[in-house]
Structure formats: structure tokens, C-alpha cells
Amino acid sequence: MTTPPAGPLPAPGPRRLRLLGYNIRSLRDDREALVRVIRACAPDLVCIQESPRYWRPGGQAAWLARRTGTTVLAGGGRTAAGPLLLGRPGAVEVLGVHDRLLPKTRGLHARGFATALLRLPGSAPFTVTSCHLSLDADERHGQFELLLDQLGIAELGIVAGDFNEHPDGPGWRLLASRLQDGHLAAPWGGEFTSVPERPYQRIDAVFATPGITVLACGVPHGLPGVTEADLRAATDHLPVLAVLELPEGQELDDR
């Protein structure tokens with residue numbers, strides 16, 4: 001299948017956030033291709049899934065942040081069992097970190113949420129959560145429900161992740177009944193997030209609560225600097241890039 005070029009993204013503006021969701025398969029593939037893709041997408045925030053968990057997870061997260069011009073905001077191998085939040089210096093203000101390890105089913109991988117409470121200049125506070133849900137259907141559905149709980153930290157929230165479920169699945173439909181599915185709200189770029197060897201699947205997505213305006217969301221095929229060769233070499237998932245606009249907020253009281 002040939003995917004048409006994505007076209008230009010909405011221009012930067014007040015309270016606009018450029019967010020990338022990306023499963024990086026524990027940095028086991030072409031790291032330099034991965035770095036090129038992330039840098040070309042020029043995100044303010046990166047919601048990583050499958051950051052390294054076992055061998056020097058903190059050091060490897062720091063390496064990825066350094067090479068992509070970002071800093072570690074939340075999550076990682078030990079605190080969130082893989083999900084990680086990276087941010088461009090100065091792009092957002094971190095108001096709090098709310099990482100969460102999830103209940104674990106015996107014999108299955110540990111899972112968690114990397115969550116930060118953030119604010120753009122002039123915006124209302126909002127949470128961003130990176131998640132990677134279970135391959136087991138029953139455990140995964142419970143994790144979808146816990147995602148809704150996690151969104152209770154603030155009125156506004158964004159979730160980006162590898163959901164290991166298709167849009168017609170019960171957990172995805174539960175989330176979509178409460179949140180905006182970014183690619184449906186403002187389709188841009190490609191829809192499917194599997195590599196060409198397993199095409200026609202959309203298991204990675206960006207969701208946003210009502211009150212956040214989704215301006216564009218999809219796989220960045222054809223974005224300047226993002227080559228199809230790098231997308232294939234970097235990892236076994238395709239990234240999801242979204243541009244979102246946050247509502248205006250009042251200054252917080254420092255007392």
C-alpha cells in the first residue's frame with residue numbers, strides 16, 4: 001500500500017502542543033534511524049513505549065533524551081515498567097509527576113503509566129500519560145479502565161500509547177466513548193501503525209479529553225526529514241504525531 005504524503009502540519013501557535021507517541025522496542029533496532037525520526041517530527045513531548053527496562057534503563061533513557069534534544073520528564077524502566085515521557089526543554093512546565101505501576105497478572109509483563117501534570121505558557125493544566133497495555137484481553141480491559149481513573153488527576157488530559165487492541169475492541173471503544181480519538185477527530189498522515197510486514201493495523205493512538213482541540217493526528221508519512229527507510233528501520237511500530245491546542249488557563253496561586 002502506498003501512503004500519500006502527510007502534508008503540512010498546523011503552524012505553531014499559543015497553547016499548541018506537538019506530541020509524538022512511539023513504541024521504540026527497547027532500542028533493539030536502528031537507534032540512529034529512531035533518533036532521526038524523532039528529531040524530524042520536532043515534538044514538544046514524546047510519549048515512549050517500551051523504553052529499556054532491564055539493563056541500565058535510566059542511562060538508556062538519558063541517552064535517548066540527549067540524542068533527541070529532550071529531557072526525561074516522567075516514567076522509565078523502573079518507575080513505570082517501560083512507558084516514558086520526554087520533553088523539549090522550555091516547552092512545558094512540569095507541575096507534578098504521577099507515575100503508576102499497574103496490578104500484575106502472574107506470568108505476564110509488568111505494566112505501568114508514565115504521567116505528568118503539565119502546563120503550556122498561558123494554558124490550563126493538563127496531564128499527559130504514556131501507556132503500553134497488555135496482550136492479555138482481560139488484563140488489558142482492566143488497564144483501559146485504570147486509564148480513565150488516571151485521567152482524574154486533572155480536568156484535561158492526553159493519552160498516547162500502544163494499546164495492543166484495534167479500534168473495534170471493547171477497551172478502545174470504552175476509551176473512545178469518553179475521549180477524542182485523535183486520528184478520527186483530525187485525520188492527518190497515515191492511519192495504520194504497524195510496519196509493512198504487518199499492515200492494516202491501528203493499535204497505537206493519541207486520545208484527548210473534551211476541551212482539548214485536536215488539530216492534526218496520524219503517522220508522519222512524507223513529513224520533511226522522515227523517510228520511509230528510517231520508519232522501517234527504527235522499530236516495529238510507526239509513530240503517531242499529533243498537534244493539539246489547550247484551552248486558556250488562569251495563573252496558579254503561589255500561596
Side-chain angles (χ1 to χ4, degrees), residues 19-31 33-35 37-38 41 43 45-68 70-87 94 97-118 127-151 153 157-165 171-172 175 193-195 201-207 234-240:
L19 180 144
L20 186 70
Y22 211 174
N23 183 319
I24 65 170
R25 209 164 79 109
S26 299
L27 294 173
R28 294 201 298 265
D29 300 291
D30 187 332
R31 294 186 175 203
L34 179 75
V35 167
V37 170
I38 294 174
C41 289
L45 288 174
V46 190
C47 293
I48 295 289
Q49 298 86 49
E50 284 197 55
S51 67
R53 294 192 294 168
Y54 301 113
W55 184 74
R56 297 185 59 248
Q60 296 201 68
W63 176 90
L64 182 62
R66 184 171 61 252
R67 292 298 311 278
T68 56
T70 61
T71 60
V72 174
L73 302 183
R78 290 194 175 93
T79 62
L84 175 71
L85 288 181
L86 305 177
V94 179
V97 174
H98 299 270
D99 295 337
R100 181 177 183 179
L101 286 173
L102 302 181
K104 182 180 178 299
T105 301
R106 186 172 182 177
L108 299 179
H109 287 299
R111 305 277 178 175
F113 299 149
T115 301
L117 180 64
L118 306 170
T127 59
V128 173
T129 296
S130 177
C131 65
H132 183 195
L133 304 191
S134 178
L135 291 167
D136 178 82
D138 290 337
E139 184 180 59
R140 182 171 64 246
H141 196 273
Q143 292 168 354
F144 274 107
E145 293 175 336
L146 291 173
L147 264 178
L148 293 174
D149 290 343
Q150 193 78 347
L151 286 162
I153 295 168
I158 301 163
V159 177
D162 172 359
F163 296 95
N164 274 319
E165 185 165 296
W172 188 299
L175 206 59
T193 61
S194 293
V195 292
Q201 290 193 96
R202 184 161 81 98
I203 59 174
D204 309 82
V206 175
F207 288 89
T235 176
D236 63 346
H237 284 247
L238 296 174
V240 179

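Along the sequence shown, residues carry numbers from 1.
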Closest non-hydrogen atom pair, [X] against [Y]:
X: Cys47; Y: Val128; result: SG-CG1, 3.5 Å
X: Pro52; Y: Ser26; result: CG-O, 3.8 Å
X: Glu139; Y: Asp136; result: N-OD2, 2.9 Å
X: Leu20; Y: Pro239; result: CD1-CB, 3.7 Å
X: Val97; Y: Ala74; result: CG1-CB, 3.8 Å
X: Ala80; Y: Gly75; result: CB-CA, 3.8 Å

_I'd like to know if the side chain of Thr235 and the backbone of Asn23 have a donor-acceptor N/O pair within less than 3.5 Å._
yes

*Between the main-chain N or O of Ile48 and the side-chain N or O of Ser130, is there a donor-acceptor pair closer than 3.5 Å?*
yes

*Could you verify whether a donor N or O on one side chain and an acceptor N or O on the other, from Ser134 and Gln143, lie under 3.5 Å apart?*
no

*asked:* With no hydrogens and no angle check, just 3.5 Å: does a side-chain donor-acceptor pair link Thr129 and Gln150?
replied: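 Distance-only check fails for Thr129 and Gln150.
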
*asked:* Quick one, His237 with Ile24, criterion side chain to side chain contact (heavy atoms under 4.5 Å, CB included). Give me CA distance, side-chain angles, the key distance, then yes/no.
replied: CA-CA 7 Å; His237 284 247; Ile24 65 170; over 6 Å; no

*Say you draw a straight line from CG of Leu133 to CZ of Phe113; how long is it, rounded to the nearest 0.5 Å?*
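Rounded to the nearest 0.5 Å, the CG-CZ separation comes out at 6.0 Å.
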
_Could you measure the distance from the CG atom of Leu135 to the CG atom of Asn164? Nearest 0.5 Å is fine._
4.5 Å

*asked:* Working note: Leu102 + Leu146, criterion side chain to side chain contact (heavy atoms under 4.5 Å, CB included); need CA distance, chi angles, decisive distance, verdict.
replied: CA-CA 8 Å; Leu102 302 181; Leu146 291 173; 4.0 Å; yes

Minimum side-chain heavy-atom gap [X]-[Y] below 4.5 Å:
X: Val159; Y: Leu151; answer: yes
X: Leu34; Y: Leu27; answer: yes
X: Ile38; Y: Pro43; answer: yes
X: Leu147; Y: Cys131; answer: yes
X: Val72; Y: Leu86; answer: yes
X: Leu64; Y: Ser51; answer: no
X: Arg111; Y: Lys104; answer: no
X: Asp99; Y: Pro83; answer: no

Using side-chain hydrogen bond (donor to acceptor under 3.5 Å, both in side chains) as the criterion, list what pairs up with [X], not counting sequence neighbours.
X: Thr193; answer: Asp204
X: Asp236; answer: none
X: Glu165; answer: Arg140

_Quick check with a 6.0 Å cut-off and a 45 degree axis cone: is Arg56 positioned over the face of Trp63's six-membered ring?_
no

*Hey, mind stepping through Leu118 and Leu45 against side chain to side chain contact (heavy atoms under 4.5 Å, CB included) and telling me if it holds?*
CA-CA 11 Å; Leu118 306 170; Leu45 288 174; 3.6 Å; yes

*Evaluate side-chain hydrogen bond (donor to acceptor under 3.5 Å, both in side chains) for Gln49 paired with Asp162, printing each intermediate quantity in order.*
CA-CA 7 Å; Gln49 298 86 49; Asp162 172 359; over 6 Å; no

*Parallel, tilted or perpendicular: which describes the rings of Phe207 and Trp172, with under 30° parallel and over 60° perpendicular?*
perpendicular

*Test log, rule side chain to side chain contact (heavy atoms under 4.5 Å, CB included), inputs Val240 and Tyr22*: CA-CA 7 Å; Val240 179; Tyr22 211 174; over 6 Å; no

